[in-house]
Amino acid sequence: MSFQFANRVNKIPPYLFAEIEEKVRVKKAQGVDIIDFGIGDPDLPTPAPIVEELRKHVLDPENHNYPSSAGEPETRQAVADFYKKRFDVDIDPRGQVCILLGSKEGLANIARAFVNPGEKVLCPDPAYPVYAQGATTLCDAVPVRVPLSPEHNFQIEDSPGILDRTAKMLYLNYPNNPTGACVSKEYLIGLYQWCVQTQTVMVYDNAYSELTFGDYSAPSILEVGDEGVIEFGSLSKTFNMTGYRLGYAVGDANLITGLKKVKSQIDSGAPKFVQKAAAFALEQYKGREQPKMVRDNMRIFEERRDIMVRGLRSMGFKVDLPKGTFYLWFRVDGSSMRFADRMLNEAGVVVTPGVGFGQGGEGFIRMALTQSSARIEEALGRMEKVLRK
Ligand SMILES: Cc1ncc(COP(=O)(O)O)c(C=O)c1O
């Protein structure tokens, strides 16, 4: 027996990344040595003190039962303390924090809480696909494309004049996946005021706030204001904890209440031992600066970034040196899918075609800095050989 998918599921386009994964699997099965820059999943381990903390808590039977779905009080407190130290923002840990099973589900569930069928949601393009699909389409709502172009440094053009005032929600993400673009606090003020004036919920995805280089420190939207704003953060990339599934939402108490209400009907919270390890990780922040464990990580990504940018530039690509994220984003001639296929088939190198992040990403390639410097050098050599053909 076979059932039709629900209409809303049929509207979800084929998942390009699953297709690429399958092509890579076939190549690997053929014995090809693949160098994978596709997925934004750090290759570096979780810092040892965090793993040790997790081990301690996982052994304690006190942590083996259901957690609270909004998050354990000490983890919510750790998030509030982090916001105070890192952004100098005061947060009520009871009313303004919700702990998540990774920020991805929160980014989708917040729309469930506030967006009705048929309402419009402003989604940057290119972007993390969850905004337009998991959040909007799966709520029977309508994604409205907000183009991000290199001419405007992948910020909203003439912000915020071009935005549809009738939309219910706006997604924003800086430091940005896939483009690596970063913004200043000043840039966010206009968008925040526009959202307040037009009564648009602002969903600020700050999953990469800690993945920054040099003197650049990414702002929180909550430094600008918290009226009608919800910000999402994640331990995934900051502490190489993608597999632990731990994120948080912080912001307007009304929005947090809606999110908690949805989640209380869907999940039963992140495991207590993971939440306690996460609280320990966030407590490493003593001020605005990255703690040593994050800084050490970022030095590695910085070295890789510099090698990769130098190599790509020497092949003739115009690549910016991003101030944040561990992604490089650059234009290629012709179809991004064709370029990605060619690199896979002829060089054994996996890159992500920009079109996977929306039509606005067509013509671009994303590479995640999730391979060692030696493997990056190897990949660059292979790519150059293919391109010279
Ligand atoms: C922009 C952005 N937001 C959110 C996430 C979700 O991260 P997680 O669910 O691991 O917290 C990702 C993951 O790649 C991302 O790129």
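We use all heavy atoms of the structure for the numbers below, so side chains are in, but hydrogens, waters and symmetry mates are not.
Expressed to the nearest 0.5 Å, how far CZ of Phe37 lies from CD1 of Ile365 amounts to 13.0 Å. With rounding to the nearest 0.5 angstrom, the CD1 atom of Ile307 is 12.5 Å from the CD atom of Gln371. Between Lys237 atom NZ and Asn297 atom CG the span is 13.0 Å, to the nearest 0.5 Å. Rounded to the nearest 0.5 Å, atoms NZ (Lys276) and CG (Asp60) are 6.5 Å apart.
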Let me see the working for Phe5 and Ile12 under side chain to side chain contact (heavy atoms under 4.5 Å, CB included), right down to the final yes or no. CA-CA 11 Å; Phe5 294 155; Ile12 304 273; over 6 Å; no

Derivation and outcome, side-chain hydrogen bond (donor to acceptor under 3.5 Å, both in side chains), residues Arg86 and Ser217: CA-CA 10 Å; Arg86 172 69 176 82; Ser217 177; 3.2 Å; yes

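Within the 4.5 Å cutoff, side-chain heavy atoms of Ile266 are placed close to those of Arg112. Taking the side chain as every heavy atom from C-beta outward, Met202 and Leu172 approach each other to under 4.5 Å. Within the 4.5 Å cutoff, the side chain of Lys168 has heavy atoms near those of the Asn116 side chain. Between Leu235 and Ile50 the shortest side-chain heavy-atom distance does not fall below 4.5 Å. Side-chain atoms of Pro42 and Thr242, non-hydrogen and from C-beta on, do get closer than 4.5 Å to each other. Between Met367 and Met383 there is a side-chain heavy-atom pair separated by less than 4.5 Å. Between Arg382 and Ile35, some side-chain heavy-atom pair lies under the 4.5 Å cut-off. Using a 4.5 Å heavy-atom cutoff, the side chains of Thr136 and Val115 are not in contact.
For the 3.5 Å distance criterion, the side chains of Asp92 and Gln96 fail to qualify, holding no donor opposite an acceptor.
Atom NZ of Lys84 has more than 12 heavy atoms from other residues, nucleotides or ligands within 6.0 Å. Counting non-hydrogen atoms of other residues, nucleotides and ligands closer than 6.0 Å to NZ of Lys272 gives a total above 12. Heavy-atom contacts from other residues, nucleotides or ligands closer than 6.0 Å to CG of Asp333 number 12 or fewer. The number of heavy-atom neighbours closer than 6.0 Å to CD of Glu22, taken from other residues, nucleotides and ligands shown, is above 12. At most 12 non-hydrogen atoms from other residues, nucleotides or ligands lie less than 6.0 angstrom from CD of Gln359. A 6.0 Å sphere centred on CD of Gln199 holds no more than 12 heavy atoms belonging to other residues, nucleotides or ligands. Surrounding CZ of Arg313 are more than 12 heavy atoms belonging to other residues, nucleotides or ligands, all under 6.0 Å away.
Between Lys23 and Glu19 no salt bridge is recorded (no basic side-chain N to carboxylate O distance below 4.0 Å). A salt bridge links Asp33 with Arg375: at least one charged nitrogen is closer than 4.0 Å to a carboxylate oxygen. Between Asp43 and Arg304 there is a salt bridge, with a side-chain nitrogen of the basic residue lying less than 4.0 Å from a carboxylate oxygen of the acidic one. For the pair Lys263 and Glu105, the salt-bridge criterion is met [side-chain N within less than 4.0 Å of a carboxylate O].
Exactly one of Leu148, Leu122, Val183 qualifies for a side chain to side chain contact (heavy atoms under 4.5 Å, CB included) with Ile156. That residue is Leu148.
Not one N or O on the side chain of Arg305 forms a donor-acceptor pair closer than 3.5 Å with the backbone of Leu321. The main-chain N or O of Asn240 is found under 3.5 Å from a side-chain atom of Thr46 such that the two form a donor-acceptor pair.
Residues passing the ring pair (Phe, Tyr, Trp, His ring centres under 6.0 Å) test with Tyr83, sequence neighbours excluded: Phe87.
Using a 4.5 Å cut-off between side-chain heavy atoms of Ile, Leu, Val, Met, Phe, Trp and Tyr, with links allowed through other members, Tyr131 and Val121 fall into the same hydrophobic cluster.
Taking the six-membered ring for Trp, Phe339 and Phe364 have ring centres at least 6.0 Å apart.
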In residues 322-329, what donor-acceptor pairs under 3.5 Å come from side-chain atoms, sequence neighbours left out?
residue, atom, partner, partner atom, Å
Thr325, OG1, Tyr327, N, 3.2
Tyr327, OH, Tyr208, OH, 2.6

